[in-house]
Amino acid sequence: MKVLSVVGARPQFIKAAPVCRALRAAHEEVLVHSGQHYDYEMSDVFFEQLGIPKPDFNLAVGSGSHGRQTGEMLGALEELFIEQRPDVVLVYGDTNTTLAAGLAAAKALVPVAHVEAGLRSFNRTMPEEVNRVLVDHLSDVLFCPTRAAVGNLAAEGISHGVHLVGDVMLDTARFFSEDSDGTEALARFGVDAGGYYLATVHRAGTSDSRSRLESVIRAFSRLGRPVVWALHPRTRKNIETFGLDAALAAATNVRVVPPVSYADSVALLKNAAALLTDSGGMQKEAYFFGVPCVTLRDETEWIETVELGWNRLAGTDEATIVEAVEGITVPTSRPDVYGDGQAAEAIVSALEARFDARSAASVVE
Ligand code: UD1
């Protein structure tokens with residue numbers, strides 16, 4: 001079986017790592033990097049730390065408006081798919097890279113398999129929501145991390161090719177987080193275990209609005225512990241553009257650090273008193289490690305984390321964020337709602353059953 005996998009943005013490297021490993025044990029994988037993320041600390045460091053093979057192709061699309069970025073990828077990927085003729089194109093998550101690859105494959109009449117299918121925020125102003133809805137409807141095989149995701153697809157009339165496999169981010173978390181308690185990283189960041197909050201903010205809805213970003217900075221400044229804020233490049237740029245540097249500098253408990261590697265992110269998260277984030281994936285990672293989360297959004301795709309009491313939706317209102325952090329309680333139970341950490345194996349088995357000519361069980365659904 002020849003699988004062509006397309007990645008391009010930081011969360012996709014984390015999701016692809018276990019699948020690449022499982023796939024390459026028995027199959028041919030062609031790995032394509034769209035170049036959506038290109039800085040060393042947004043891309044290369046993840047390939048190095050997670051042992052992801054060097055991409056066979058890098059489209060180097062870089063930054064741009066959504067249309068330009070997606071369009072450039074679409075053209076280049078279509079050519080590549082026609083030339084490579086894989087049995088299936090594998091895409092991850094909900095970024096512009098996911099949409100471009102899914103659409104290019106569908107146009108080139110190559111089957112599409114979507115890892116992290118069925119997630120919904122029901123907020124169409126999020127570029128990610130548009131991307132994931134479209135890709136799910138283009139996909140032949142849909143790998144859902146949760147029961148809720150399977151239900152979302154069913155509600156949209158998608159039931160063929162749907163597999164509940166668990167969450168690949170749990171595979172990565174289990175594989176890479178067990179050998180270190182993070183002591184060395186904490187010393188480097190100058191914080192004590194349990195004595196700080198970890199923060200990340202990058203989503204367009206938060207970081208492209210001056211008032212929301214200001215409100216988040218003010219909320220952080222009122223918290224009773226140091227806040228280690230791993231600043232995404234788009235957020236860093238917007239803080240400068242909006243003239244919020246002074247407000248950030250005045251928040252003396254906030255320690256701004258550049259985007260952190262996977263190992264540092266795990267070390268900082270595992271040992272944090274809580275995570276404050278607008279990221280999707282990190283809400284789950286907090287759950288994996290038993291760390292409470294305050295989400296700086298009004299809705300989440302990872303509803304299990306909220307239902308089980310590990311995650312509070314605070315939006316970007318200053319007072320609401322402060323209240324949510326001050327009111328954190330740590331639940332006693334943390335069921336395996338994201339699977340067993342073997343999602344990658346389940347994905348490869350399902351792909352084999354469907355696309356591997358050598359598989360006796362090869363079926364057409
Ligand atoms: C993208 C995804 C988002 C994902 C996030 C993870 C879309 C629509 N969004 O958002 O779902 O959660 O990645 O980080 O695909 N930049 C750099 N260096 C880089 C990459 C980006 O400086 O290596 C800056 C550029 O100024 C760029 C901006 O960040 O314009 C935004 O980057 P982009 O890749 O468009 O989206 P993200 O905000 O990273």
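Owing to the predicted nature of the structure, the values given are computational and were not obtained by experimental measurement. Numbering of ligands and ligand atoms starts at 1, following listing order.
Atoms of ligand 1 lying under 4.0 Å from at least one heavy atom of D94, given by number and element, are 11 (O). Taking a cut-off of under 4.0 Å to the non-hydrogen atoms of P233, the atoms of ligand 1 that pass are 16 (N), 17 (C), 18 (N), 22 (O), 24 (C). Interface of P11 with ligand 1, defined as ligand atoms under 4.0 Å from a residue heavy atom, comprises 6 (C). Set against the non-hydrogen atoms of R234, the atoms of ligand 1 under 4.0 Å away are 28 (C), 29 (O), 31 (C), 36 (O), 37 (P), 38 (O).
Between the side chains of E299 and S121, not a single donor N or O lies within less than 3.5 Å of an accepting N or O. Between the side chains of Q283 and T300, at least one donor N or O lies within less than 3.5 Å of an accepting N or O.
The residue from H202, R203, R236, M282 that puts a heavy atom closest to atom 10 (O) of ligand 1 is H202. Residue H37 holds the heavy atom nearest to atom 13 (O) of ligand 1 of all those in Q36, R10, Q12, H37.
Centroid-to-centroid, the aromatic rings of F47 and H33 come within less than 6.0 Å.
Using a 30° and 60° split on the angle between ring planes, H37 and H232 fall in the perpendicular class, above 60°.
For H66, the heavy-atom gap to ligand 1 drops under 4.0 angstrom.
Regarding atom 27 (C) of ligand 1, its nearest protein heavy-atom neighbour is S63 OG, 3.2 Å.
The number of heavy atoms from other shown groups lying within 6.0 Å of CZ (R124) does not exceed 12.
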